[in-house]
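Heads up: the structure comes next, in structure tokens.
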There are 2 protein chains.
Amino acid sequence: MNIMDETSGKEASATRGAYMSLRDMILTGALPAGEKLKIEQLRKLLDTGASPVREALSLLTSDMLVERIDQRGFRAAPASTENFAEILKLRCVLEDMALRQSITLATPEWEENLVLAHHRMKQLTGAATFEDAHKLFHMALLANSSSPMLERFCSQLYDLNIRYRNLASSGRNYQKRDITAEHEEILACAVRRDADATSTALLSHYRLTGAYLTTQLVNL
Amino acid sequence: MNIMDETSGKEASATRGAYMSLRDMILTGALPAGEKLKIEQLRKLLDTGASPVREALSLLTSDMLVERIDQRGFRAAPASTENFAEILKLRCVLEDMALRQSITLATPEWEENLVLAHHRMKQLTGAATFEDAHKLFHMALLANSSSPMLERFCSQLYDLNIRYRNLASSGRNYQKRDITAEHEEILACAVRRDADATSTALLSHYRLTGAYLTTQLVNL
DNA sequence: TCTGTTAAAAATATCGATATTTATTGACTT
DNA sequence: AAGTCAATAAATATCGATATTTTTAACAGA
């Protein structure tokens, strides 16, 4: 009598459901940075038991979204301009590395998946699921590095960056940039297998966003 | 009536105790790579409840020492020569970065802590606690990077490397190297604030160990 | 007023029992 | 023999209750 799958709101396990919800709440800022995360409170909010909440929080620790202090519970990872700067720097180094490895090892499958991810992202401009498609595109760039740990680091850092994007976006996103064109450029360079050009385009894409976000984050 | 502190074998919390024990067992190979980690089994082994074991395993996931598969439990992270090569590569890139930042921002305190860590390590050559002192020395090199996430990554990767050292060391460690001299060299360069030289010495130190370990890991 | 102490309240950590899910076994069919 | 399928066994996930620890608040002494 269990119909639960990707389509259903219900997750496969209570822990996974709690993990997803809490992750989303931290990334969007529904749970503010630095906030104490009380088990009982979250248990009621998510309408589940204490064990799944606790386990989900432990898991979120891996993603650096939650801090755990022995014997005194959990809190949402604090946010600061220093932390944001660190994330940007690490992303640039690690994605550069992953990207170059991906291109060095380039295969037709990798290229096709990349084109596909880009296409899907374009279709969804503005949609709620655009964020997901955007991440999938960027991860598709790195997906051929044959370095799982490196990709995991990049994925984590990507999410942390999204979080700052959300924290900053009270005054709506008005940049004089053509993000779509930047993505096209990145894709074109990658398909051309030009590692230097792709890296330049990608890092510039990140650094422009980073510089813009930094100006919005003065209140942190 | 609780006297538990650093000196006592008892840990502050059951979870922390389980975390430390399991971590140690995985790093030393007492729990072999890839092995299924059954809660009930570990519960009895560590003489504690299922909750602390479960939480400790969730936490070890952050360190990439344990894999968690939803609904079908935990297993010790698998080991492979590919994985080892990846760790070595990432370490070289990330420690290089952290080291250079540390030296750029060098302060007398940093330098003094480094000298101290080196001295302590020398005293303990061969002792059981040498491993700890060795790690403290290497982390002291990076400790001034003002990049906590980067230091965390380096620490994680350091531990993963130790694990491979242990996995390989069935046929005892007989290399024609003067590890002590290598450490002296690294320290001297760092104190001289010569980032290029320190980095060269450090990375060579890692790569020599890496190359040696790779020859020992054929059986993986 | 400040400081240190202690009782009460709140929150975390842990346990033991139970519900769910996955893995295994072996009979039964093709 | 190989492959299904159902029944059983094993393991994981989850719950609800309790023990421990930390935090808060009230208060006495300097």
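Side-chain atoms are counted along with the backbone in the values below, which use heavy atoms only and exclude waters and symmetry mates. Numbered from 1 within each chain, the chains take letters A, B, ... in sequence-line order.
Using cut-offs of 30° and 60° on the angle between ring planes, the pair A:His138 and A:His134 is perpendicular.
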Show the atom names and distances, to 0.1 Å, of all donor-acceptor pairs under 3.5 Å that link a side chain in residues 30-39 of chain B to residues at least two apart or in another chain.
none

Return a table of donor-acceptor pairs under 3.5 angstrom between the side chains of residues 112-119 of chain B and protein atoms on other chains or two or more places apart.
{"from": "B:Asn113", "atom 1": "ND2", "to": "B:Glu109", "atom 2": "O", "distance (Å)": "3.3"}

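A side-chain N or O of B:Ser62 and one of A:Ser62 form a donor-acceptor pair less than 3.5 Å apart. In this model, a donor atom of one side chain and an acceptor atom of the other lie less than 3.5 Å apart for A:Asp70 and B:Ser13. A:Ser145 and A:Glu151 are linked by a side-chain donor-acceptor pair at a separation below 3.5 angstrom, with hydrogens and angles left out of the test. Side-chain N/O atoms of A:Ser147 and B:Glu86 include a donor and acceptor closer than 3.5 Å.
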Check the interface with nucleotides 6-9 of chain D: list each N/O to N/O pair with the protein under 3.5 Å, or write none.
none

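Side-chain atoms of A:Trp110 come within 3.5 Å of backbone N or O of A:Ala140 as a donor-acceptor pair. Side chain of B:Ser21 to main chain of B:Ala18: no donor-acceptor pair is present (N/O by atom type, distance under 3.5 Å, no hydrogens or angles).
Across the protein-nucleic acid pair, A:Lys38 atom NZ and D:dT21 atom P stand 20 Å apart, rounded to whole Å. Straight-line distance from the CZ atom of A:Arg16 to the P atom of D:dT14: 11 Å, rounded to whole Å.
Phosphate contact (OP1/OP2 of D:dT12, side-chain N/O of B:Lys36, threshold under 4.0 Å): present. Applying the 4.0 Å criterion to OP1 and OP2 of D:dT14, one finds that A:Thr15 has a side-chain N or O inside that range.
Non-hydrogen atoms lying under 4.0 Å from DNA chain D are contributed by A:Thr48, A:Gly49, A:Ser51, A:Pro52, all within residues 40-53 of chain A. For DNA chain D, none of the residues of residues 17-25 of chain A falls under the heavy-atom distance limit of 4.0 Å. Within residues 58-76 of chain A, the residues that place at least one heavy atom under 4.0 Å from DNA chain D are, in residue-number order, A:Gln71, A:Arg72.
Cation-pi contact between A:Arg91 and A:Tyr206: present, with separation from the ring centre below 6.0 Å and deviation from the ring axis of at most 45°.
Annotation for A:Lys135: atom NZ counts as buried by contact number, over 12 foreign heavy atoms lying within 6.0 Å. Around NZ of B:Lys89, the count of heavy atoms belonging to other residues, nucleotides or ligands within 6.0 Å does not exceed 12.
Of all the heavy atoms in B:Thr48 and B:Val53, the pair that sits closest is CG2-CG2, 3.8 Å.
Within 4.0 Å (heavy atoms only), A:Leu57 reaches no atom of the nucleic acid at all.
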